[in-house]
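One structure is given here, and the rest of the page talks about it.
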Amino acid sequence: MELSPTLPTGAAPAVLVKICGLTRADEAASCIAAGADWIGLNFHPGSPRFLDPDRSGEIVSAIGSPERAVGLFVNRPAAEVARVAARLGISTVQLHGDEPPEDLVALTHLRIVRAFRLGRPEDVEAMAGYLDRARSLGRVPDAVLVDALVAGVAGGTGTVVAGPVLDRLASMATSDSLPPMILAGGLNPENVRGRVDRVRPWMVDVASGVESGPGRKDPRLVAAFIRAARGEPRERPGQPVDKGSGAD
Ligand SMILES: O=C(O)c1ccccc1N[C@@H]1O[C@H](COP(=O)(O)O)[C@@H](O)[C@H]1O
């Protein structure tokens with residue numbers, strides 16, 4: 001199954017950007033207008049960014065392209081994930097808990113982003129083991145998302161992935177055995193470019209690092225994040241664009 005937007009090809013493609021945890025239609029539309037490739041709708045009841053699936057149709061409509069909306073679930077039954085996705089007309093889901101590879105098989109008709117919370121370099125090997133099991137079942141995730149491990153919290157913690165884990169990931173990023181990688185975990189406009197340069201992910205994902213409050217995205221931070229991720233110069237209000245200093 002192909003991902004959409006399609007995988008970039010050729011040398012040094014621009015990293016794609018997902019902004020996660022939208023709770024308002026106007027903010028979701030602004031993220032897309034600012035250049036976000038995907039937005040995330042968080043259906044995990046334990047999250048401060050929780051969105052009732054029954055009230056998220058308005059957000060999907062507001063972005064004008066349902067293929068850019070990703071439904072985020074934590075340890076929900078595959079049948080429930082499939083039901084919500086069908087009701088909203090979305091085709092990509094993010095599984096951010098301990099979902100077994102069998103769930104990927106049950107959700108073959110959807111694009112699946114499988115999240116892994118990694119605390120130590122050894123956790124990267126555990127992720128590889130999971131992918132091997134998925135491969136043996138004939139259904140690898142369409143992308144893997146890498147987040148920091150914080151005990152007792154599923155995600156959205158604003159915690160960065162540890163340096164030794166990033167180094168291990170960087171050595172795997174171009175491996176054929178790894179699906180496209182989405183780097184998450186404590187990203188913000190200040191640190192995203194350095195992390196992109198270090199790991200070369202296919203996409204970056206941010207929740208808390210572009211917020212004015214839980215679930216409320218700050219349009220200036222969103223724009224700054226997207227520009228920084230792509231290595232574009234910063235915009236400064238009332239001043240010409242700084243073309244000399246890069247994004248960091
Ligand atoms: O955002 C949340 O509240 C959340 C809750 C449960 C699982 C995942 C969640 N968000 C995902 O976590 C990453 C990292 O968040 P942050 O940028 O460190 O705040 C985020 O990209 C979401 O995909």
Side-chain angles (χ1 to χ4, degrees), residues 3 15-24 27-28 31 36-53 56 59 68-76 80-81 84-85 90 92-99 103 110-119 123 127 141-163 165-166 169 179-196 199 201-218 221-226 228-229:
L3 282 164
V15 71
L16 302 181
V17 177
K18 171 171 171 271
I19 308 289
C20 197
L22 273 299
T23 58
R24 291 172 51 126
E27 292 178 7
C31 287
D37 297 287
W38 288 355
I39 57 126
L41 306 176
N42 191 322
F43 300 136
H44 175 48
S47 169
R49 303 172 186 89
F50 170 69
L51 186 66
D52 183 339
S56 47
I59 298 184
R68 292 182 184 274
V70 178
L72 186 158
F73 299 84
V74 178
N75 294 334
R76 301 311 303 163
E80 179 183 321
V81 173
V84 170
I90 63 176
T92 306
V93 295
Q94 177 173 329
L95 306 180
H96 212 103
D98 305 307
E99 297 83 1
D103 281 17
L110 295 172
R111 291 184 197 98
I112 297 180
V113 175
R114 177 67 167 87
F116 295 88
R117 287 165 290 149
L118 308 179
D123 296 340
M127 175 177 78
D142 297 279
V144 292
L145 183 148
V146 173
D147 193 4
L149 177 67
V150 177
V153 191
T157 61
T159 304
V160 293
V161 178
V165 174
L166 291 184
L169 288 170
M181 185 199 299
I182 303 176
L183 181 63
L187 298 178
N188 59 49
E190 302 306 316
N191 68 11
V192 65
R193 186 64 214 176
R195 292 187 161 242
V196 166
V199 181
W202 170 70
M203 177 179 270
V204 288
D205 183 19
V206 59
S208 55
V210 292
E211 286 184 339
S212 55
R216 297 302 310 276
K217 300 309 184 214
D218 179 327
L221 291 176
V222 169
F225 183 86
I226 294 171

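Counting convention: from 1, in listed order, for ligands and their atoms alike.
When hydrogens are left out, the protein atom nearest atom 1 (O) of ligand 1 is R49 NH1, 3.0 Å; that is the closest non-hydrogen contact. For atom 11 (C) of ligand 1, the closest heavy atom belonging to the protein is H96 CE1, 3.6 Å. Here the heavy atom of the protein found nearest to atom 17 (O) of ligand 1 is A207 N, 2.9 Å. Counting protein heavy atoms only, atom 21 (O) of ligand 1 is closest to D205 OD2, 2.8 Å. Counting only heavy atoms of the protein, atom 4 (C) of ligand 1 lies nearest to N42 ND2, 3.2 Å. Among all non-hydrogen protein atoms, the one lying nearest atom 19 (O) of ligand 1 is S208 OG, 2.5 Å.
Residue K18 approaches ligand 1 through these ligand atoms, each under 4.0 Å from one of its heavy atoms: 23 (O). Remark: ligand 1 atoms within the under-4.0 Å shell around heavy atoms of H44 are 6 (C). With ligand atoms numbered from 1 in the order given, ligand 1 contributes 18 (O), 19 (O) to contacts under 4.0 Å with heavy atoms of T157. The contact set between ligand 1 and G185, taken as ligand atoms under 4.0 Å from a residue heavy atom, comprises 14 (C), 18 (O).
Counting only distance, with no hydrogens or angles, the side chain of N42 and the backbone of L51 share no donor-acceptor pair below 3.5 Å. Side-chain atoms of R114 come within 3.5 Å of backbone N or O of E99 as a donor-acceptor pair. The backbone N or O of P141 sits nowhere less than 3.5 Å from a side-chain atom of R111 that would complete a donor-acceptor pair. No donor-acceptor pair under 3.5 Å is formed between the side chain of T159 and the backbone N or O of A148. Using modelled atom types, no side-chain atom of D218 and backbone atom of V210 make a donor-acceptor pair closer than 3.5 Å. Checked by atom type and distance alone, the side chain of R193 pairs as donor or acceptor with a backbone atom of A229 at under 3.5 Å. Counting only distance, with no hydrogens or angles, the side chain of D147 and the backbone of A115 share no donor-acceptor pair below 3.5 Å.
When non-hydrogen atoms are compared, ligand 1 lies under 4.0 Å from the side chain of D147 (C-beta onward) but not from its backbone. The side chain of A184, and not its backbone, has at least one atom closer than 4.0 Å to an atom of ligand 1 (non-hydrogen atoms only; side chain from C-beta on).
Annotation: the span from W202 atom CH2 to L183 atom CG amounts to 13.0 Å, rounded to 0.5 Å.
A162 and G119 get closest at one heavy-atom pair: CB-O, 4.2 Å. C31 and I39 get closest at one heavy-atom pair: CB-CG2, 3.9 Å.
Contact annotation: the side chain of L169 approaches that of L118 to within less than 4.5 Å [non-hydrogen atoms, C-beta and beyond].
Annotation: A154 places no N or O atom under 3.5 Å from an N or O atom of ligand 1; distance criterion only. For ligand 1, the polar-atom distance check finds no N/O of L145 at less than 3.5 Å from any of the ligand's N/O atoms.
Note on ligand 1: G186 sits in its first shell, one or more heavy atoms being nearer than 4.0 Å. Ligand 1 lies nowhere less than 4.0 angstrom from a heavy atom belonging to G21.
Scanning S47, C20, G156, P48 for the heavy atom closest to atom 3 (O) of ligand 1 points to S47. One option in G97, P45, A148, G155 has a heavy atom closer to atom 7 (C) of ligand 1 than any other, and that option is G155.
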